[in-house]
Amino acid sequence: MKFAIRDDDTCYFTSVAALERVYHDIWDRIPVCLATVPFAIGYERAGIPTEHWHSGNAFPLEENAGLVASLRDLVSSRRVTVALHGYTHQDFPDGYEFQAAPDPERRIREGLSYLSGLLRTRISVFVPPHNALSRRGLAAVGAAGLNILGSFLSFRPSMRPWDRRTPGNWWRVRRFRASAGLAKSDRFVYPHVIRYADHAEFGCHSLVPGTTLEELVAGFEAARHAGGDFCLATHYWEVSDAMKAVMLRLIDHAARHADVRFVAAEELFA
Ligand SMILES: [Zn+2]
């Protein structure tokens, strides 16, 4: 069984210290997949100065030289891997970036080339800002050959481009839900990679304020029971001491199983 960690929103506004605070005693055990924004535009959240919440200015990652140097070191020592997390991560009046931007294809293409060049690493995973993707956004990610790490609780064929594998995938998710005794309205994370013609997808378990250890252990055990894998997703900027304790106890729980392998999130798709 594979166990991975994904952390979202590393960008120009991120300090090295903020990442170290959460992961200094974790990334030597498990490489952390940092879903990184290449040209961040501010929005309302902790960790972004209020003057940039609505300024609309885009900040290239390279303008935070200290962070870039640290990320290169962390990548080369295999403590972190890098995923593409949108292009600007900006919110549009009618949706999140990969629901509402007029040019998702260009954003993927340029974001990928910029980020992999700057951080000197290969990027194979896309994490949609706010876990939101339109049908066109999904097609753009697939066309670029990137796999998707999301937090998918459901599988809606109407929301996605159709390919030859879609019907089989739909049946697989449906069968899983039925065998787990879940109703259509129940929240769940499908614990296997779903492969499409041009990309693959995997759903993560979110650690947000209020998430309990019991919930995450139940998700881990359900994935384990199904012969699946597990990925935890969080945001360094909202990880409190209590959330960090939950994270460590979950990792300790997973480590007690001899067949659990801590892997980089990219390996979930291998
Ligand atoms: Zn994000």
Side-chain angles (χ1 to χ4, degrees), residues 4-16 18-19 21-23 32-50 52-61 64 67-68 71 74 80-101 103-104 107-108 110-112 114-116 118-119 123-134 137-138 140-141 144 146-153 189 201-211 231-240 243-244 247 264-266 268:
I5 295 183
R6 157 194 145 202
D7 185 284
D8 294 357
D9 297 340
T10 289
C11 67
Y12 166 82
F13 298 110
T14 306
S15 71
V16 181
L19 293 174
R21 180 185 69 88
V22 179
Y23 293 113
V32 178
C33 177
L34 295 179
T36 303
V37 186
F39 298 96
I41 288 180
Y43 60 103
E44 293 187 25
R45 74 146 164 94
I48 295 181
T50 50
H52 295 308
W53 282 3
H54 304 286
S55 73
N57 295 331
F59 292 90
L61 186 68
N64 187 337
L67 176 67
V68 169
L71 290 176
L74 289 163
V80 310
T81 59
V82 178
L84 182 64
H85 188 39
Y87 183 73
T88 59
H89 204 302
Q90 77 206 91
D91 295 340
F92 287 79
D94 51 344
Y96 296 127
E97 185 182 13
F98 275 77
Q99 296 174 305
D103 53 352
R107 286 167 185 257
I108 299 271
E110 292 182 9
L112 191 56
Y114 175 81
L115 204 54
S116 60
L118 182 66
L119 299 180
I123 293 173
S124 63
V125 168
F126 182 80
V127 174
H130 303 280
N131 295 300
L133 270 178
S134 67
L138 181 50
V141 176
L146 295 173
N147 296 318
I148 298 172
L149 275 181
S151 298
F152 305 107
L153 298 162
V189 179
E201 301 175 13
F202 190 78
C204 304
H205 294 254
S206 295
L207 170 60
V208 295
T211 305
C231 186
L232 185 71
T234 194
H235 306 90
Y236 68 91
W237 52 265
E238 68 176 3
V239 174
S240 62
M243 285 169 68
K244 174 66 188 281
M247 197 188 296
E266 287 77 4
L268 295 165

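Atoms within a ligand are numbered from 1 in the order they appear, just like the ligands themselves. Heavy-atom basis, side chains included; hydrogens, waters and symmetry copies ignored.
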With a 3.5 Å cut-off and no angle check, do the side chains of E97 and Y87 form a donor-acceptor pair? no
Reference residue E201; test side-chain contact (heavy atoms from CB on, under 4.5 Å); the match among L133, L149, L138: L138
Do L115 and T36 touch side chain to side chain, with heavy atoms closer than 4.5 Å? yes
Start with the C-alpha distance between Y43 and H130, add both sets of side-chain angles, then the distance that settles ring pair (Phe, Tyr, Trp, His ring centres under 6.0 Å), and finish with yes or no. CA-CA 12 Å; Y43 60 103; H130 303 280; 5.7 Å; yes
Y236-Y23 aromatic ring centre distance below 6.0 Å: no
Working note: D9 + H85, criterion side-chain hydrogen bond (donor to acceptor under 3.5 Å, both in side chains); need CA distance, chi angles, decisive distance, verdict. CA-CA 7 Å; D9 297 340; H85 188 39; 2.9 Å; yes
Give me the protein N, O or S atoms that fall under 2.8 Å of the Zn ion (ligand 1), sorted by chain and residue number. D9 OD1, H85 NE2, H89 NE2
